[in-house]
Amino acid sequence: MERPWIKPEQIRDYSSSAKVKNRTNDQLAYDIARAEKYVIFHTHNKFDSKEYESGLPSDVTMAVILLAEAYAKQAIVQKDGVMSSETFDEYSYTVDMGSDVADSLGLGAMLEEYVLPEDHGKAVMKLRKL
């Protein structure tokens, strides 16, 4: 399967955020690339075998769209700034901005079926006569 796996229009169609919908195609292309790299890293699968020539499984496509939208929202928040804590009388709260976006989406269950064993490379053994 050739990358990119999804198009910016798919993210705009899915998202309910006006700010995500207003991002340029180039900005969404970066979000898509990040999401695809995460999926490849997480699954150890580039989805380039003959099995995927006709297209990606719907779970993988859905995971990339969800993650690309989350990356777009994260970029918007970083650019616009967000209030991390506030105090009002006796009440206060703090928003944790340090967590990984991908972990909070629960993509593990969607991608579990497509995880390949991790390739640790090749071992080369040289023998010599004693």
Side-chain angles (χ1 to χ4, degrees):
M1 183 77 193
E2 204 170 304
R3 291 180 60 202
W5 297 332
I6 64 171
K7 301 189 181 317
E9 295 81 33
Q10 290 174 278
I11 297 171
R12 287 189 187 101
D13 290 343
Y14 170 76
S15 183
S16 60
S17 169
K19 289 185 177 186
V20 171
K21 290 181 182 208
N22 289 333
R23 286 175 65 82
T24 66
N25 284 346
D26 289 340
Q27 290 172 322
L28 288 175
Y30 282 106
D31 300 329
I32 291 167
R34 286 180 66 195
E36 290 174 353
K37 283 304 257 184
Y38 176 86
V39 169
I40 290 169
F41 177 78
H42 179 75
T43 62
H44 314 291
N45 190 347
K46 294 183 179 181
F47 298 95
D48 57 357
S49 64
K50 288 188 178 195
E51 179 182 355
Y52 304 110
E53 282 180 358
S54 61
L56 283 178
S58 61
D59 288 343
V60 176
T61 303
M62 193 177 352
V64 172
I65 290 171
L66 288 170
L67 190 53
E69 184 204 25
Y71 283 145
K73 286 180 177 178
Q74 183 183 48
I76 290 166
V77 167
Q78 286 176 347
K79 180 182 151 233
D80 292 349
V82 67
M83 182 172 28
S84 61
S85 66
E86 184 177 6
T87 304
F88 182 74
D89 289 338
E90 297 176 8
Y91 304 102
S92 68
Y93 73 91
T94 303
V95 178
D96 180 22
M97 297 301 291
S99 62
D100 186 18
V101 173
D103 291 340
S104 66
L105 293 174
L107 300 178
M110 296 170 109
L111 299 173
E112 180 180 12
E113 185 179 336
Y114 309 102
V115 175
L116 298 177
E118 190 172 358
D119 184 19
H120 293 288
K122 297 179 180 177
V124 177
M125 187 179 223
K126 293 184 180 182
L127 300 174
R128 62 183 173 101
K129 191 174 184 179
L130 294 177

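These figures come from a predicted structure and were not determined experimentally. Residue numbers count from 1 along this sequence. Hydrogens, waters and symmetry mates are skipped; everything else that's a heavy atom, side chains included, is used.
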Contact check, side chains of L66 and Y14, non-hydrogen atoms, under 4.5 Å: yes
Side chains of L67 and H42 in contact at under 4.5 Å (non-hydrogen atoms): no
Residue pair K73 / S17: nearest heavy atoms and the distance that separates them: CE-CB, 4.0 Å
R12 (side chain) donor-acceptor with R23 (main chain) under 3.5 angstrom: yes
A35 to A68 - nearest heavy-atom pair and separation: CB-N, 3.6 Å
Rounded distance (nearest 0.5 Å) linking atom CG of N25 with atom CD of Q27: 9.5 Å
Pairwise side-chain contact, L56 with M62, heavy-atom cut-off 4.5 Å (strictly under): no
Qualifying residue for side chain to side chain contact (heavy atoms under 4.5 Å, CB included) with V60, from I6, L111, T43, L107: L111
Heavy atoms from other residues, nucleotides or ligands near CD of E2 exceed 12 (cutoff 6.0 Å): no
Within 6.0 Å of OH in Y30, more than 12 heavy atoms from elsewhere: no
Q10 side chain to K7 backbone, donor-acceptor under 3.5 Å: yes
Atom pair CD1/CG of I40 and L116 - distance to nearest 0.5 Å: 11.5 Å
Beyond-backbone contact of E69 with D31, side-chain heavy atoms, under 4.5 angstrom: no
V39 with V115, same ILVMFWY side-chain cluster at under 4.5 Å: no
Within 6.0 angstrom of Y52 OH, more than 12 heavy atoms from elsewhere: yes
